[in-house]
Amino acid sequence: MCGIVGAVAQRDVSPILLEGLKRLEYRGYDSAGLAIVDNENVIQRIRVLGKVNQLQQEHDNSPLSGGTGIAHTRWATHGKPSVSNAHPHICREKIALVHNGIIENHESLRQQQKQAGFEFKSETDTEVVVNGIYQALQINPDILEAVFETITRLEGAYALGVINSDDPKRLIAVRKGSPLVIGIGIGEYFIASDVFALLPVTQRFIFLEEGDVADIRRDSLVIYDKNRKVTERPINVSELSADVADKAGYRHYMLKEIFSQPDAIAESLKNRVDEDQVVISEFGQNAESVFSQVKAVKIVACGTSYHAGLIAAGWMEEIANISCHVEIASEFRYRKSVVTESTLFVCISQSGETADTLAALQKAKQEPYISTLAICNVAESTITRESELVFLTHAGPEIGVASTKAFTTQLVALFLLVIAIGRNNGVSKEDENIFVRQLESLPGRVNQLLLHKDEIEAMAKNFADKHHALFLGRGSFLPVAMEGALKLKEISYIHAEAYAAGELKHGPLALVDKDMPVVAVAPNNHLLEKLKSNLQEVQAREGKLFIFADKNSEVEASDSVVVLKISTIYDFMAPILYTVPLQLLAYYVAVIKGADIDQPRNLAKSVTVE
Ligand code: AGP
């Protein structure tokens, strides 16, 4: 992971770099640093253990100033979070470098460089790159050539920003396996891990492609492709506005994002349904023809996006009569799998940059899938660019590390996909009209549910002193329970597990006692009575139950049972609705525990390393 920013300009670039880092903090936040070539052509550097705010404070105390600079916010992979492991790394006061990714062959390069007399000051995989560039410069004093020479020796994934005190008005950028964009100003250029970092200074961007190297000066930009041929890349004008990072008065981004779900869902449906029908062309020009041939669906994703896939698989089989298999991307990418005839490959990713999901997509493109479809929230991401068909969830930028509105909008997108594929497999026009109207009712339903926030906050008090929690669900609500458990562990650091309620007696029931809160999701469906029996098993062992139940489910509160009643909703839509109180529960538990909700420890928003 990690976020990188760089700039070459006439003006002092340090405020641009610091603002860029703040906007990239979702990518990692255990340490941060910046390096600037000052007016005497000396590289000056500040690094801190901690977040960008601390870097800002250090910088306020002793500011750096200069027209060329690079900066980094880190999510540790090789070497613990520390000042010495923080980027930028510098070699012999000449070269400074920031890196996002992993250098897989760093051990062998380190041994070679030690033999050549280099002393290592960090435990990172990155330091071999800056040393390598310095070594190459001793043979050819041109920084671009030195970078070209060095990257031929690197294995792994890397986005790099490199500056050189002997060539102070120049910035070299490299993209291989990790994202990197170039921002175009007037007489100035910038680089960053994403466009969001640079929105305060430009709306015009070039997305580097795999293997690209950019030679950037204030007034010129030359891009070389992976074969070192000068190439042109298109300029994209972003429609995002610079102030999307505003908390809008909410205490945390996560809370703002939970409360913005009605709008996010409405936005994700806008222009995607027309006269109660799905607009299939929203999945891509070819979608209609591809979908008419689909005989099976394979979904691959990570984390929360994987949970969305699990819910969609239930819909796909039940509504569209299409076999659907869901797999975790980090497993799929290394497994030999059999592709059955006319199978559509679907990857789901909020960020569109998740390394495992991207690798899974790349693998799928080599296999005989009928087509690849990305469901993604970031238009300019690598996954959307690599996929044949794309459906963009219009959730708006999600800043909190815990995914909330991205998840519910992914579910909306997946439901539209199920209808679109189902049209050729038994979904009638009348069914489709009903489904679309139900989807359109969701923003209002979510709004009503959000009104119960105080009850959920009160419920959260029961969890704050607990170390473990169980989440139970059945059918499509098992992945809802899984998502609830993931949210709780991610932001409150309480160990939480989700189980199919029917599995309780096959092992986890042994864990249940008065100290084990058990959360259950109980819509009024054909599995309700089965679920109730499972919950009896918990009560009989003194387990305290917290049940999110349909108001007609006849689940009543008692000393050991807390119930939040939810008004009845069409069964297929219920997983979307029932997710929301679980998000709020995790949020309020984390608030009580005083956790760092938007930036939980050890995590990052965009997981661009495997
Ligand atoms: C969820 O709250 C997580 N932060 C995480 O599981 C996330 O969903 C996962 O890393 C996948 O990310 P993506 O959707 O951007 O690919």
Side-chain angles (χ1 to χ4, degrees), residues 1 3 24-29 75 178-179 193-194 196 252-255 257-258 261 264 299-312 326-333 346-362 373-384 386-387 390-393 395-411 413-414 471 479-480 482-493 496 498 579-580 582-587 590 595-610:
M1 268 103 60
L24 287 177
E25 229 177 356
Y26 71 89
R27 302 178 70 88
Y29 35 79
W75 184 84
S178 296
S193 298
D194 72 17
F196 191 55
H252 296 98
Y253 285 114
M254 183 180 176
L255 192 61
E257 287 157 6
I258 291 172
Q261 289 177 110
I299 300 180
V300 175
C302 302
T304 289
S305 298
Y306 167 70
H307 297 155
L310 291 174
I311 293 170
V326 192
E327 202 165 336
I328 292 168
S330 56
E331 291 296 317
F332 172 81
R333 64 181 289 190
V346 180
C347 56
I348 310 169
S349 175
Q350 184 283 131
S351 61
E353 301 294 349
T354 302
D356 286 320
T357 311
L358 177 59
L361 170 62
Q362 280 156 347
L373 164 67
I375 294 192
C376 189
N377 194 37
V378 182
E380 301 96 348
S381 64
T382 313
I383 284 177
T384 56
E386 295 260 322
S387 202
V390 176
F391 187 95
L392 289 174
T393 51
E398 191 179 65
I399 313 286
V401 163
S403 194
T404 53
K405 62 178 181 171
F407 178 70
T408 43
T409 54
Q410 283 168 352
L411 289 175
L414 287 160
F471 283 67
V480 173
M482 291 164 79
E483 178 56 12
L486 177 63
K487 288 285 92 80
L488 188 69
K489 62 187 140 193
E490 189 174 24
I491 59 168
S492 76
Y493 314 145
T579 300
V580 176
L582 299 183
Q583 297 167 342
L584 280 173
L585 178 66
Y587 173 78
D596 191 346
I597 290 175
D598 287 328
Q599 296 178 337
R601 69 186 181 202
N602 307 339
L603 299 180
K605 184 75 184 161
S606 181
V607 187
T608 57
V609 293
E610 86 165 283

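In each ligand, atom 1 is the first atom listed, and ligand 1 is the first ligand listed. Please read these numbers as outputs of a predicted model, since none were measured by experiment.
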In the protein, what heavy atom is nearest to [atom], and what distance, to one decimal place, separates them?
atom	value
atom 15 (O) of ligand 1	Ser351 OG, 2.7 Å
atom 3 (C) of ligand 1	Glu490 OE2, 3.1 Å
atom 16 (O) of ligand 1	Thr354 OG1, 2.4 Å
atom 9 (C) of ligand 1	Cys302 O, 3.7 Å
atom 10 (O) of ligand 1	Val607 CG2, 3.8 Å

Within a distance under 4.0 Å of any heavy atom of [X], pick out the atoms of ligand 1 and give their elements.
X	result
Ser403	1 (C), 2 (O)
Gly303	6 (O)
Ser305	8 (O), 13 (P), 14 (O)
Ser349	13 (P), 14 (O), 15 (O), 16 (O)

With side-chain contact (heavy atoms from CB on, under 4.5 Å) as the criterion, how do Ser193 and Arg27 come out once you've worked through the C-alpha distance, each side chain's angles and the decisive distance to 0.1 Å?
CA-CA 9 Å; Ser193 298; Arg27 302 178 70 88; 3.5 Å; yes
Which atoms form the tightest heavy-atom contact between Lys489 and Ala496, and what is the distance?
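So the two residues come closest at NZ-O, 3.0 Å.
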Please give me the minimum heavy-atom distance between Thr357 and Ser349, naming the atom from each residue.
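Smallest interatomic distance, heavy atoms only, reads CG2-CB, 4.4 Å.
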Does an N or O anywhere in Ala402 fall below 3.5 Å from an N or O of ligand 1?
no
Is a side-chain donor or acceptor of Tyr493 paired with a backbone partner of Ala595 at a separation under 3.5 angstrom?
no
Can you tell which of Asp356, Asn377, Thr304 gets a heavy atom nearest to atom 7 (C) of ligand 1?
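The nearest heavy atom belongs to Thr304.
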Ligand 1 contact on Lys487 by region, counting heavy-atom pairs under 4.0 Å
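It is the side chain that gets close, since no backbone atom is under 4.0 Å.
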Which one of Gln583, Glu483, Gln261 satisfies the side chain to side chain donor-acceptor pair (under 3.5 Å) criterion with Thr408?
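Going through Gln583, Glu483, Gln261 one by one, the side chain to side chain donor-acceptor pair (under 3.5 Å) with Thr408 is satisfied by Gln261 alone.
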Let me confirm one number: the OG1-CD1 distance from Thr354 to Ile383, rounded to the nearest 0.5 Å.
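Spacing of OG1 (Thr354) from CD1 (Ile383) equals 5.5 Å.
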Would you give the length of the straight line joining atom CD1 of Ile348 to atom CZ of Phe407, rounded to the nearest 0.5 angstrom?
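Answer rounded to 0.5 Å: 9.5 Å.
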Applying salt bridge (charged side-chain N to carboxylate O under 4.0 Å, His left out), run through Asp356 and Arg333 and close with a yes or a no.
CA-CA 7 Å; Asp356 286 320; Arg333 64 181 289 190; 2.7 Å; yes
